[in-house]
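Quick notes on the structure that follows.
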Amino acid sequence: MLKYVSRRFLAMIMTLWIIITATFFLMHSVPGSPLNGEHNTSEAVQANLEAYYGLDRPVLLQYIDYLGSIIQFDFGPSISQPAVSVNDLISRGFPVSLELGLYALGFALISGVTLGVLAALRRNGMIDYLLMTLAVLGLSVPNFILAALLIQSFKDYLPVALWHDWTHMILPVFALATSPMAIIARLTRSTMVDVLTQDYIRTAQAKGLSPFVVVTKHALRNGLMPVVTIMGTLVAGVLTGSFVIEKIFAIPGIGRYFVEGINNRDYAVIMGTTIFYSAILLVMLLIVDIIYGFLDPRIRLDKKEAK
């Protein structure tokens, strides 16, 4: 396990470096400067601003300096908000984005697994068809469309902006969790249908165990393996989806700063939030792989052990 984690960690560092490099050069390949048209100033002042942000230097030197700053966990100052650093924006917005993401993932996981198990236990029945139809609808409607529909439907009953108490969380969490919930429900249903027909399940039923014990103790562990496998992808979907959701509901998270950074062509904010989110996703993928190995001891994490 230690060798596996070490290899995965090194691969994660390499992947993060590739993301940093690709994002940096893509941002600088766009014609023009982020300072153009943003300040009603003279050419001398423009030159001073470019020198202050290091934009007047060759791109390769800017890249080397930026890598040095990233190693020190310094994302630099925001171009559109000179008095605020990107680190400040991340530290200000991340707790909100994390709270939104955890609530959405928790709601999606609990409700998705529950609906999937219920559909599997009532397979080929009315409940099964109804739940899977709702799951297809959840996958078909984009979260920003669902968010607009929720705002129009519940604006008289629930707050539709900001992030203060639990009433502000209901609509954005539901809008963000619907798609992963539908994926989890469909995957859990298909896996549980297969697991419930296995011999060891019949043996447990023959011993007189209650249906609840059979499902929770014997079937659910194997039924959740595919769900654990895709959790990394679902985390990515929730985090990227939160960009739009935070903007629609005016939630002061990192996603809103990222969208504003794109509108303002703020290199530092775009780079900082992209790298920060990428690091979180890579860490989550590593955690998912480790959990997957613990859930199924038959998996050989070390290739040498498999020989």
Side-chain angles (χ1 to χ4, degrees), residues 19 23 26 93-94 96-116 119 128-163 166-190 226-227 229-265 269-270 273-274 276-278 280-282 284-285 288:
I19 292 173
T23 306
L26 283 174
F94 178 64
V96 178
S97 296
L98 178 63
E99 190 176 14
L100 172 61
L102 289 178
Y103 281 135
L105 280 175
F107 178 74
L109 185 61
I110 295 173
S111 56
V113 170
T114 302
L115 295 177
D128 183 18
Y129 294 140
L130 176 62
L131 294 178
M132 290 302 100
T133 300
L134 292 176
V136 171
L137 290 175
L139 287 171
S140 303
V141 181
N143 56 17
F144 60 89
I145 298 294
L146 180 60
L149 293 175
L150 290 174
I151 290 175
Q152 289 297 322
S153 302
F154 297 98
K155 61 184 179 181
D156 296 330
Y157 310 100
L158 292 171
V160 297
L162 302 181
W163 188 262
W166 67 270
T167 58
H168 293 81
M169 303 176 184
I170 296 176
L171 296 184
V173 166
F174 186 80
L176 189 58
T178 299
S179 180
M181 177 180 65
I183 295 174
I184 293 173
R186 287 177 60 85
L187 188 58
T188 303
R189 188 262 182 196
S190 62
V227 176
T229 304
I230 66 167
M231 280 305 295
T233 304
L234 292 181
V235 169
V238 169
L239 289 179
T240 54
S242 68
F243 286 5
V244 179
I245 296 299
E246 289 177 13
K247 186 65 176 178
I248 292 176
F249 289 96
I251 298 174
I254 297 181
R256 191 179 73 173
Y257 296 133
F258 179 81
V259 175
E260 292 176 352
I262 294 177
N263 293 333
N264 297 326
R265 198 176 172 185
V269 172
I270 297 173
T273 52
T274 300
F276 185 77
Y277 266 122
S278 299
I280 292 176
L281 292 178
L282 291 172
M284 287 301 303
L285 290 174
V288 167

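Just so you know, these numbers use all the heavy atoms, side chains as well, and skip hydrogens, waters and symmetry mates. The structure displayed is predicted, hence computed values, not measured ones.
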Residue pairs passing the salt bridge (charged side-chain N to carboxylate O under 4.0 Å, His left out) test with at least one member in residues 148-160, sequence neighbours excluded, are none
Residues A108 and I184: closest non-hydrogen pair is O-CD1, 3.8 Å
d(I183 CD1, T178 OG1) to nearest 0.5 Å is 11.0 Å
Atom pair CZ/CE of F174 and M181 - distance to nearest 0.5 Å: 5.0 Å
With a 4.5 Å cut-off on side-chain heavy atoms, are F249 and S242 touching? no
Grab the two heavy atoms, one from N143 and one from A175, that are nearest each other, plus how far apart they are. CB-O, 3.4 Å
Output the distance between atom CZ (R256) and atom CD1 (I251), rounded to the nearest 0.5 Å. 9.5 Å
Taking atom CD1 of I170 and atom CH2 of W166, what is their separation to the nearest 0.5 Å? 4.5 Å
Work out which heavy atom in V238 is nearest to a heavy atom in P180; give both atom names and the distance. CG2-CG, 4.0 Å
Shortest non-hydrogen separation from G255 to Y277 and the atoms involved: N-OH, 3.9 Å
Starting at CG of L149, measure out to CG of L171 and round the result to the nearest 0.5 Å. 11.5 Å
Does the ring center of F94 lie less than 6.0 Å from the ring center of Y257? no
So which atom in A119 and which in R189 form the shortest heavy-atom distance, rounded to 0.1 Å? CB-CG, 3.6 Å
If we count only N and O atoms by modelled type, under 3.5 Å, do the side chains of E99 and W163 hold a donor and an acceptor together? yes
Please report the shortest heavy-atom distance between A147 and I245, naming the atom on each side. CB-CD1, 4.0 Å
Return all side-chain donor-acceptor pairs below 3.5 angstrom for residues 135-142, not counting sequence neighbours, or 'none' if the list is empty.
unit_1	atom_1	unit_2	atom_2	d
S140	OG	V136	O	2.7

dist I270:CD1 -> R265:CZ (nearest 0.5 Å) comes out at 9.0 Å
Verdict with supporting geometry, L109 and V227, side-chain contact (heavy atoms from CB on, under 4.5 Å): CA-CA 9 Å; L109 185 61; V227 176; 4.0 Å; yes
Just by distance, do the side chain of T273 and the backbone of F258 share a donor-acceptor pair under 3.5 Å? no
Short side-chain to backbone donor-acceptor contact, S190 and L187, under 3.5 Å: yes
When you compare the side chain of I151 with that of I248, does any pair of heavy atoms fall below 4.5 Å? yes
